[in-house]
Amino acid sequence: MKVIGGPSSQLLASRVASALGCELAVCEFKRFPDHEMYIRIMDDIGPEAVIVQSTATDSDYVALLQLIDACSTAARVHVVIPYMGYARQDKVFNRGEALSARAMARTIEAENVITVNIHETSVLDHFQCNTVNIDAAPLMGQYIRDMDHFHDPVLLAPDAGAKGLAASAAEELGIDCDHLEKKRLSGDTVRVAPKNLDVKDRDVVILDDIVSTGGTMAEAVRMLREQGAADVYVACIHPVLAGNAILKLCSSGVADVISTDTIEKAVSRVSVAPLLAKTINEL
Ligand code: R5P
């Protein structure tokens, strides 16, 4: 089996190859003068290929489609999309809109597709092959558990929608878990606070699947600090971190930002490679 790393997931692909004990193919990525993308897999592909490529941008999708095509000689091709972009548009909200997640999924030809904490699992139904979606929250929980300087920590989901994710990480941690809720204090005053717990003098980790603009998290950090929380950490599976998200988070007073390497950023300290390797071995 050969592991093929796409341009957006080169480090993760190399970690997956090491975890599997497989060779990592060297690929060439460049642009033609008109800016079209050129991709070439320099090594022999062999009978079975695993392509690892997150699709946070349109270019990442184009790269993935070309890599799949370049692997046409392999009898078995597995596609790992650690972060699948466009998966948040999983419904048609207004007449005439594209169901973006479906549009993307339909283009992927493979024997198996593996995703990590895909935003909506219903998106998996749009792939025309077997799919596996893995949960990296326990890995994040283990990493947080090993940061041993926490004072009476609590794990929070930023909203009810992320409760399951936080609970999955908290199980590893054996610590309190709650979610933030909007509480209306008066006609025009709304307070965002944990539904059940008091965070005063406690360290807090807020965990979400995606941090995109950082707006949701920056607001949560600010509110929790106003409510007397000690250090507030932001953790996520997918660090999209668009535009000035890091600046926004840092100016909100966050103690640190931690994520996995489904998208390769400076904050990507928890690798999903062991989980991916285990899943690939079980295919
Ligand atoms: C939304 O459904 C996701 O789970 C995140 O809460 C959202 O993407 C965060 O967005 P932002 O960082 O732009 O506030």
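Counting convention: from 1, in listed order, for ligands and their atoms alike. Residues take their numbers from the sequence shown, with the count starting at 1. Values in this document were obtained by computation on a predicted structure and should not be read as measured data.
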Between G214 and ligand 1, is there a nitrogen or oxygen pair with a distance under 3.5 Å? yes

Ranking A245, G243, S212, P239 by closest non-hydrogen atom to atom 12 (O) of ligand 1, top hit is S212

Classify the contact between M217 and ligand 1 as side chain, backbone, both or neither, using a heavy-atom distance cut-off of under 4.0 Å. neither

Could you check which of L165, I237, N117, D209 puts a non-hydrogen atom nearest to atom 4 (O) of ligand 1? D209

Per-atom filter on ligand 1: closer than 4.0 angstrom to a heavy atom of G215 are 12 (O), 14 (O)

OH of Y83 to CD1 of I210, rounded to nearest 0.5 Å, is 4.5 Å

If you have a sec, work out which protein heavy atom is nearest atom 1 (C) of ligand 1 and how many Å separate them, to one decimal? H119 CE1, 3.6 Å

Among T213, D208, I210, which one has a heavy atom closest to atom 11 (P) of ligand 1? T213

Are the side chains of L24 and S18 in contact, using a 4.5 Å heavy-atom criterion? no

I want to check something: taking the side chain as every heavy atom from C-beta on, are T115 and I134 in contact at a cut-off of under 4.5 Å? no

Residues R15 and D261 bridged, charged N to O under 4.0 Å: yes

Within the distance-only criterion (no hydrogens, no angle test), does the side chain of E97 pair as donor or acceptor with the backbone N or O of F93 below 3.5 angstrom? yes

